[in-house]
Amino acid sequence: MAFALLAVAGCESGPKKEGTGEYVDDSVITMKVKTAIFNDPMLKVAEINVETFKGVVQLSGFVASQAAASRAIEVTRTVGGVTSVKNDMRIK
C-alpha cells in the first residue's frame with residue numbers, strides 16, 4: 001500500500017513540475033505547433049523553437065519580420081490544447 005502511494009505521488013504535478021500525463025500532452029501540443037508552423041508557407045523557413053509547459057507555448061528563435069512573428073502566434077493559437085502563447089521571437 002505504501003509503495004502504491006509513493007508511486008502515485010511521484011506522478012503528481014506541481015506548480016513547476018509536470019505529471020506524466022501533462023508531459024505527454026505538452027509533447028503532443030509541441031509537435032502539433034511545430035507541424036502547423038512548418039506547414040505555413042510564410043513560416044516554413046523561420047527558425048522558431050517551440051516549448052510547452054501545461055498548455056502554455058513559448059515561441060523563441062528568429063523570424064524575418066514582425067508579420068512573421070504575428071503569424072506564428074496566430075497559427076499557434078489555433079492548435080488544440082494551447083492555453084496561451086509567450087512570444088520570445090526576435091526579428092533578424
Side-chain angles (χ1 to χ4, degrees):
M1 176 87 166
F3 177 73
L5 286 174
L6 288 175
V8 171
C11 294
E12 289 182 23
S13 65
K16 297 195 184 230
K17 179 181 162 191
E18 291 178 301
T20 306
E22 289 171 324
Y23 177 76
V24 171
D25 292 343
D26 285 343
S27 296
V28 170
I29 291 169
T30 297
M31 186 57 69
K32 287 181 178 180
V33 170
K34 287 180 177 182
T35 301
I37 288 172
F38 181 77
N39 288 333
D40 189 283
M42 183 177 185
L43 302 173
K44 190 174 278 194
V45 295
E47 301 167 15
I48 300 173
N49 301 310
V50 180
E51 294 184 35
T52 308
F53 183 73
K54 294 188 177 187
V56 178
V57 176
Q58 179 177 350
L59 302 176
S60 60
F62 298 96
V63 291
S65 65
Q66 183 58 48
S70 296
R71 179 68 183 152
I73 293 167
E74 181 181 321
V75 167
T76 300
R77 286 186 176 142
T78 66
V79 173
V82 174
T83 57
S84 67
V85 181
K86 292 183 177 181
N87 177 14
D88 285 332
M89 293 177 284
R90 302 287 182 243
I91 312 289
K92 286 194 220 185

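Just so you know, residue 1 is the first one in the sequence shown, and it goes up from there.
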Output the distance between atom CZ (F62) and atom NZ (K92), rounded to the nearest 0.5 Å.
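Nearest 0.5 Å value for the CZ-NZ distance: 8.0 Å.
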Approximate separation, where rounding is to 0.5 Å, of M89 CE and I73 CD1
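Atom-to-atom, M89:CE and I73:CD1 are 4.5 Å apart.
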Do the non-hydrogen side-chain atoms of T30 and V57 ever get within less than 4.5 Å of each other?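 No, too far: nothing below the 4.5 Å cut-off.
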If every non-hydrogen atom of [X] is compared with every non-hydrogen atom of [Y], which pair is closest and at what distance?
| X | Y | value |
| --- | --- | --- |
| M42 | A68 | CE-N, 3.4 Å |
| L43 | A72 | CD1-CA, 3.5 Å |
| N49 | G61 | ND2-CA, 4.1 Å |
| A36 | V75 | CB-CG1, 3.5 Å |

Under the side chain to side chain contact (heavy atoms under 4.5 Å, CB included) criterion, do R71 and D40 qualify, and how do the steps go?
CA-CA 9 Å; R71 179 68 183 152; D40 189 283; 2.6 Å; yes
| Shared ILVMFWY cluster between I91 and I48, side chains joined below 4.5 angstrom? |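 In one cluster: yes.
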>> Any salt bridge linking R77 with E74? Criterion: basic side-chain nitrogen under 4.0 Å from a carboxylate oxygen.
In response: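 No salt bridge links R77 with E74.
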(Q) Regarding E51 and K86, does a basic nitrogen lie under 4.0 Å from an acidic carboxylate oxygen? (A)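 No, this pair does not count.
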(request) Begin from the C-alpha positions of D88 and L59 and carry the test side chain to side chain contact (heavy atoms under 4.5 Å, CB included) through to its verdict. (result) CA-CA 6 Å; D88 285 332; L59 302 176; over 6 Å; no
Task: Qualifying residue for side-chain contact (heavy atoms from CB on, under 4.5 Å) with T76, from N87, V50, I37 - done: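 Filter result, single survivor: I37.
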**Asked** Do the side chain of T52 and the main chain of G55 share a donor and acceptor less than 3.5 angstrom apart?
**Response**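 Not at all, since once roles are kept as given, no pair shorter than 3.5 Å links the two residues.
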